[in-house]
Amino acid sequence: MLIKWIACQVREGQQQSFSRGQEQWRAVREVDGFLGQVGGWNVSDPAEAVILACWRDEAAYRAFMANHHDPIFAKTRQQQTYERIRVELYERVRDMPGTMENVLDALAVGKWLRLERRPVLPEADSLAGWTGAAAGVAGKAVKEGGRFLVATVWDATQPDQEGTSGAIIAALEDAWLVLP
């Protein structure tokens, strides 16, 4: 599975326009290889939109970028709403079950998304005992092979940020959820 992490620094006063544009990405649900997408606002920086998308593999993602991305993006009119965008790609290394078996199942019930870049793969392969943790996934950076991403979806309780320098926690927007 390929994991795509997108972060957009949205211009002041443009959050509502960005959000309406993000809802237009529902069109991606029909694309072969698309597995699901969630997004919301960074609780530490309310001007930062965070999106997590999952694809079957890199080939399916590349086909989407070549054949579908630009027409959908043009329809969203999001380009005028943000100052910066960062896109990072990760290959799944392992699933991290919580109250659900995998992150794809958790997308539909998620209320919070926690993202953390790490220089090493975390030892824990389960979220058992973490109250509110539905499921997660750990991925290795496609371009920077020595970096990892741990993405966890939480179904009720906002994740704790203590002891996790650099972690991003986003309050998920129901209207941004896209499932195939």
Side-chain angles (χ1 to χ4, degrees), residues 1 3-29 34-55 72-73 76-90 92 95-118 122 124 127-139 148-180:
M1 179 171 71
I3 305 153
K4 182 178 184 178
W5 173 15
I6 306 164
C8 294
Q9 193 65 39
V10 177
R11 289 189 167 99
E12 188 175 336
Q14 292 292 312
Q15 282 88 347
Q16 190 174 17
S17 295
F18 181 91
S19 188
R20 278 193 306 270
Q22 192 59 35
E23 293 174 28
Q24 298 298 311
W25 286 99
R26 288 186 194 119
V28 77
R29 70 172 38 130
F34 174 75
L35 301 176
Q37 178 172 294
V38 294
W41 299 102
N42 181 341
V43 297
S44 297
D45 179 1
E48 183 178 59
V50 178
I51 296 105
L52 182 78
C54 300
W55 291 86
I72 297 171
F73 182 63
T76 71
R77 297 185 177 178
Q78 284 179 303
Q79 188 170 9
Q80 300 92 6
T81 65
Y82 60 83
E83 297 171 350
R84 287 184 308 281
I85 185 169
R86 183 179 70 239
V87 177
E88 298 178 14
L89 300 174
Y90 296 84
R92 176 179 58 193
D95 291 318
M96 300 173 72
T99 58
M100 304 184 95
E101 280 301 307
N102 63 63
V103 75
L104 296 176
D105 293 338
L107 296 180
V109 299
K111 300 297 178 208
W112 303 93
L113 175 65
R114 183 181 180 281
L115 299 160
E116 184 178 8
R117 280 193 217 103
R118 295 178 156 210
L127 300 173
W130 293 26
T131 304
V137 63
F148 295 89
L149 174 72
V150 176
T152 52
V153 176
W154 299 67
D155 58 13
T157 308
Q158 180 177 343
D160 191 2
Q161 222 169 355
E162 281 187 42
T164 58
S165 64
I168 292 172
I169 296 173
L172 295 178
E173 294 284 333
D174 292 338
W176 297 10
L177 172 65
V178 183
L179 296 173

Colleague: Indicate the atoms forming the closest heavy-atom contact of Gln37 with Ala53, along with that distance.
Modeller: OE1-CB, 3.4 Å

Colleague: Taking the six-membered ring for Trp and the full ring for Phe, Tyr or His, determine whether the centres of Phe18 and Trp176 are under 6.0 Å apart.
Modeller: yes

Colleague: Should Phe34 and Val178 count as side-chain neighbours, where that means a heavy-atom distance under 4.5 Å?
Modeller: yes

Colleague: Looking only at atom types and distance, does a side-chain atom of Arg29 sit under 3.5 Å from a main-chain N or O of Leu179, one as donor and one as acceptor?
Modeller: yes

Colleague: Assess the residue pair Trp5 and Leu149 against the criterion (side-chain contact (heavy atoms from CB on, under 4.5 Å)); give the C-alpha distance rounded to whole Å, side-chain angles, the decisive distance to 0.1 Å, and a yes or no.
Modeller: CA-CA 9 Å; Trp5 173 15; Leu149 174 72; 3.6 Å; yes

Colleague: Taking CD in Glu101 as the centre, count heavy atoms belonging to other residues, nucleotides or ligands within less than 6.0 Å. Is the count above 12?
Modeller: no

Colleague: Quick check: closest heavy atoms across Asn102 and Leu104, and the distance to 0.1 Å?
Modeller: OD1-N, 3.0 Å

Colleague: Could you tell me which residues satisfy side chain to side chain contact (heavy atoms under 4.5 Å, CB included) with Ala27, sequence neighbours excluded, listed by chain and number?
Modeller: Ile72

Colleague: For the residue pair Glu48 and Val10, establish whether any side-chain heavy-atom pair is separated by less than 4.5 Å.
Modeller: no

Colleague: List the steps and the verdict of side-chain contact (heavy atoms from CB on, under 4.5 Å) for Ile168 and Val50.
Modeller: CA-CA 9 Å; Ile168 292 172; Val50 178; 4.1 Å; yes

Colleague: Side chains of Gln22 and Glu173, heavy atoms from C-beta outward: is any pair under 4.5 Å?
Modeller: no

Colleague: Using a 4.5 Å cut-off on heavy atoms from C-beta on, say whether the side chain of Ile169 contacts that of Trp112.
Modeller: yes

Colleague: Test Thr99 against Asp155 for side-chain contact (heavy atoms from CB on, under 4.5 Å), laying out the working first.
Modeller: CA-CA 9 Å; Thr99 58; Asp155 58 13; 3.5 Å; yes

Colleague: Would you say the side chain of Val109 lies within less than 4.5 Å of the side chain of Met100, judging by non-hydrogen atoms?
Modeller: yes

Colleague: Given 3.5 Å as the limit, does a donor-acceptor pair link the side chain of Arg11 with the main chain of Glu83, or not?
Modeller: no

Colleague: Which heavy atom of Cys54 sits nearest to which heavy atom of Met1, and what is that distance?
Modeller: CB-SD, 3.8 Å

Colleague: Looking only at heavy atoms, which two atoms of Leu35 and Pro180 are closest? And how far apart?
Modeller: O-CD, 3.3 Å

Colleague: Count the heavy atoms belonging to other residues, nucleotides or ligands that lie under 6.0 Å from CD of Gln80, then report whether that count exceeds 12.
Modeller: yes

Colleague: So, do Gln9 and Asp45 sit near enough that their side-chain heavy atoms are less than 4.5 Å apart?
Modeller: yes

Colleague: Of all the heavy-atom pairs spanning Ala47 and Gln15, show the shortest one and how long it is.
Modeller: CA-NE2, 3.7 Å

Colleague: side-chain contact (heavy atoms from CB on, under 4.5 Å) for Ile3 and Leu52? Distances and angles first, verdict last.
Modeller: CA-CA 7 Å; Ile3 305 153; Leu52 182 78; 3.4 Å; yes

Colleague: Kindly say whether Gln78 contributes a backbone atom to a donor-acceptor pair with the side chain of Thr81 at under 3.5 angstrom?
Modeller: yes

Colleague: Kindly indicate whether the side chain of Thr76, heavy atoms from C-beta on, has any atom under 4.5 Å from the side chain of Trp25.
Modeller: yes

Colleague: Heavy atoms only: give me the nearest Ala170-Gly40 pair and the separation to one decimal.
Modeller: CB-C, 4.2 Å

Colleague: A quick test of your reading: do over 12 heavy atoms of other residues, nucleotides or ligands sit less than 6.0 Å from CZ of Arg77?
Modeller: no

Colleague: Contact between Lys111 and Val153 at the side-chain level, heavy atoms closer than 4.5 Å - yes or no?
Modeller: no

Colleague: What pairs with Leu89 under side chain to side chain contact (heavy atoms under 4.5 Å, CB included), at least two apart in sequence or on another chain?
Modeller: Leu2, Lys4, Tyr61, Arg62, Val142

